[in-house]
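Right, one structure below, let's go through it.
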Protein chains: 4
Amino acid sequence: MSSSSPQQRRGDTRQRIQDVALELFAEQGYEKTSLREIAERLGVTKAALYYHFKTKEEILISVFNDQTRPIDELIAWAREQPRTLETKEEILRRYSETLVSGASLYRFMQENQAAVRELSIGETVKNRLFAMVELLRTADSPLTDQVRCVSALFTLHAGMMFLQHVEADDPEQTRQAALEVAIDIIKQAHHAE
Amino acid sequence: MSSSSPQQRRGDTRQRIQDVALELFAEQGYEKTSLREIAERLGVTKAALYYHFKTKEEILISVFNDQTRPIDELIAWAREQPRTLETKEEILRRYSETLVSGASLYRFMQENQAAVRELSIGETVKNRLFAMVELLRTADSPLTDQVRCVSALFTLHAGMMFLQHVEADDPEQTRQAALEVAIDIIKQAHHAE
Amino acid sequence: MSSSSPQQRRGDTRQRIQDVALELFAEQGYEKTSLREIAERLGVTKAALYYHFKTKEEILISVFNDQTRPIDELIAWAREQPRTLETKEEILRRYSETLVSGASLYRFMQENQAAVRELSIGETVKNRLFAMVELLRTADSPLTDQVRCVSALFTLHAGMMFLQHVEADDPEQTRQAALEVAIDIIKQAHHAE
Amino acid sequence: MSSSSPQQRRGDTRQRIQDVALELFAEQGYEKTSLREIAERLGVTKAALYYHFKTKEEILISVFNDQTRPIDELIAWAREQPRTLETKEEILRRYSETLVSGASLYRFMQENQAAVRELSIGETVKNRLFAMVELLRTADSPLTDQVRCVSALFTLHAGMMFLQHVEADDPEQTRQAALEVAIDIIKQAHHAE
DNA sequence: TATGAATGAGGTTTCATTCAT
DNA sequence: TATGAATGAAACCTCATTCAT
């Protein structure tokens, strides 16, 4: 009743560009998606995109910044917690939830690492990954335990991908299973100390 | 010792194209790598590439087919073994070795999933992944155990990526650690039965 | 009087592309004419052509559609007339006039049948020719009379070609002569009934 | 039993190139047919074509020269005959037969006038057409009669094209009908004198 | 009598971007 | 807040042709 009439859409064009762009980026990849396509699917001109964003890259950057804020907040929060096992479990739990709410973007980043790496956000992505690892691992722990931390994170991501391709059953159930396994893995790392 | 003079190079151009192409694909991504670049780095004309390969995609396909043969052999072998825990461990061990020998290609596929998905090899990649999962998981096992199988595989891949980005220490050591963790994870899945 | 200064040309680029394209297509053939040539003769970039038309073929299609409308109208008109000799004569008369006003295009189609056949307009061209024949011939008439109908049409076309190559005298006079002969031929077909 | 084994084919490669080339030229047009296609259909290399012919154009020229000799002979013969109506009828008769035996080539020339015009044979083709017209028309005859001569020739050609597209009935029957009509037309021109 | 390998020129098409309106 | 028109660069690919073997 309120969202799709042309008049009501006034002012939310910027948002709609972001939505459609992410949709296409995730569907076809960043390089394969042209501004023409985005504009066409929106029913506007390419030039209109340039009114709202300075470059193609900036569209992605803006989506990225909007949608990854929760991760930054998670990292900030985690840095103030004690490094207990409970904290680590909570980190994984929150991260898992975040992955769901920004599923398209994370799927996009997973599948377009090469493209993202060349972009200005590449560095940020890498830093954030390292920050996450840093929060999960215990300094001076053996190499296998460090691997376990990364493994736990990747397990959550892997859960999402199974969700994409298998698409059987309840996605939420898959996520819970992945979370359970990830916590299990990190427990191993913690016990070892 | 004698390989780079123009005369000596006769006859191995096809191979050299494959090498340089993979190098660049892995470095910059598939879409971002142009045939001009490949040709220039080789010191030949674009047209020369087209003498040896019908399309850009075919270059990738040929590299892919050459380098993933070990995986096919591994799968074939595994299908004839009993589904014991020992077999599964051996699968992971061999898979881990394969990942090392074809490191560039696997890194490429990891980072260019979006591009690969659209290509004709996309289907093959997906099938192979499912085949691997099928060999590791036990039918009718609980969802968490199925996730563990995928997790074990991704752990090996994650090991490689750490190898890329951290690039500290001995890569071989990192691989061993990842393998150890992966085997550990799969053991959990097996015990549960 | 005022038409060729760059400022004044605004807005008629599409038309100018069509004009120049037809000019070159007729001069050199469809395949031999490159978009570079068209663009150069117009003083714009190749990309500008693609702003106005999706493909090279579409340029031809648009010219074709614009210039053959009279033929469609002629066919539509003829279908509502009684099949008398007078009607047939009138058809030839009008067709002859049409050939003159769209001379470049018809010359082009005559000389580039092979190219046109492969294009999407090929079918349309064929259908139109058959429709014309259908309007001129009498059902169940002997084979020779059917040939005469085609012959009459081709005579008009032949008139145009003589006009091109001989280009002596008054073209209009040649056209009149061709028309006279064509009508004569069709009369033979009609008398025979 | 004798023609297709690789051994027997020795020595007739040149001829086979001509055959396949004409086949493809007629099918797809001169410009659209590449030497690669010709070579592939023959099962030889492009370079092999260059052993037998200096250029692509020369392949066409050689086919043209071989197959249009009858026309030259016809013209030579006709020039020594008296300019009676009987002679003209005989010319048309012989021309009609020639069109059949060289059908592919004449179809090709009809459909590729634009391409042929740019080639070195273009001039020859035009000269031969004018020579034919010269033999049929009577000097100082009225314009309509001159048109009739061209019309008669085009009628024979038109007969061939109907043969292509309608492809119903007996082609030979169509040819006879076209010949009959053509003779009829030329008779008109003659009577008028 | 052919082939394998390569080239240089050029083809059509697409892209991100700009700017006057 | 957008559009219409255009550009420059570059993409993938094909072609006729050459030449050493």
Round to the nearest Å and state the distance from [X] atom [atom1] to [N] atom [atom2].
{"X": "B:Leu42", "N": "E:dT7", "atom1": "CG", "atom2": "P", "value": "10 Å"}
{"X": "B:Leu49", "N": "F:dT14", "atom1": "CG", "atom2": "C1'", "value": "14 Å"}
{"X": "D:Leu60", "N": "F:dA16", "atom1": "CG", "atom2": "C1'", "value": "15 Å"}
{"X": "B:Phe53", "N": "E:dA5", "atom1": "CZ", "atom2": "P", "value": "12 Å"}
{"X": "A:Arg14", "N": "F:dA2", "atom1": "CZ", "atom2": "C1'", "value": "16 Å"}
{"X": "A:Glu40", "N": "F:dG4", "atom1": "CD", "atom2": "P", "value": "13 Å"}

Qualifying ring-ring contact (aromatic ring centres under 6.0 Å, His included) pairs, either residue in residues 102-124 of chain A, two or more places apart: A:Phe25-A:Phe108
Please identify each residue that fulfils side-chain hydrogen bond (donor to acceptor under 3.5 Å, both in side chains) with [X], with sequence neighbours left out.
{"X": "D:Thr55", "value": "none"}
{"X": "D:Asp72", "value": "D:Arg128"}
{"X": "C:Glu57", "value": "C:Ser120"}

Test salt bridge (charged side-chain N to carboxylate O under 4.0 Å, His left out) applied to A:Glu23 - qualifying residues, sequence neighbours left out: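 With neighbours one apart ignored, the set is A:Arg41.
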Contacts of C:Glu37 that satisfy salt bridge (charged side-chain N to carboxylate O under 4.0 Å, His left out) - sequence neighbours left out: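 Residues passing salt bridge (charged side-chain N to carboxylate O under 4.0 Å, His left out) with C:Glu37: none at all.
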Please list each protein N or O that sits under 3.5 Å from an N or O in nucleotides 9-13 of chain F, with the distance.
from: F:dA11; atom 1: OP1; to: B:Ser34; atom 2: OG; distance (Å): 3.3
from: F:dA11; atom 1: OP1; to: B:Arg36; atom 2: NH2; distance (Å): 3.2
from: F:dA11; atom 1: OP2; to: B:Arg36; atom 2: NE; distance (Å): 2.8
from: F:dA11; atom 1: OP2; to: B:Arg36; atom 2: NH2; distance (Å): 3.4
from: F:dC12; atom 1: OP1; to: B:Lys56; atom 2: NZ; distance (Å): 3.0
from: F:dC12; atom 1: OP2; to: B:Leu35; atom 2: N; distance (Å): 3.0
from: F:dC13; atom 1: OP2; to: B:Tyr50; atom 2: OH; distance (Å): 2.7
from: F:dC13; atom 1: OP2; to: B:Lys56; atom 2: N; distance (Å): 3.0
from: F:dC13; atom 1: O5'; to: B:Tyr50; atom 2: OH; distance (Å): 3.2
from: F:dC13; atom 1: N4; to: B:Lys46; atom 2: NZ; distance (Å): 3.1

At less than 4.0 Å, is any side-chain N or O atom of [X] found next to OP1 or OP2 of [N]? Yes or no.
{"X": "C:Thr13", "N": "F:dA5", "result": "no"}
{"X": "B:His52", "N": "E:dG4", "result": "no"}
{"X": "A:Tyr51", "N": "F:dT1", "result": "yes"}

Under-4.0 Å salt bridge between B:Glu118 and A:Lys32: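 Here B:Glu118 does not pair with A:Lys32 in a salt bridge, since their nearest N and O are not under 4.0 Å apart.
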Pairing residues for D:Ala48 by the side-chain contact (heavy atoms from CB on, under 4.5 Å) criterion, not counting sequence neighbours: D:Val44
Nearest non-hydrogen partners of D:Ala39 and D:Lys46, listed with the distance: CB-N, 3.7 Å
Watson-Crick and G-U pairing of DNA chain E, under 3.5 Å, as dot-bracket with | and [ ]: .||||||||||||||||||||
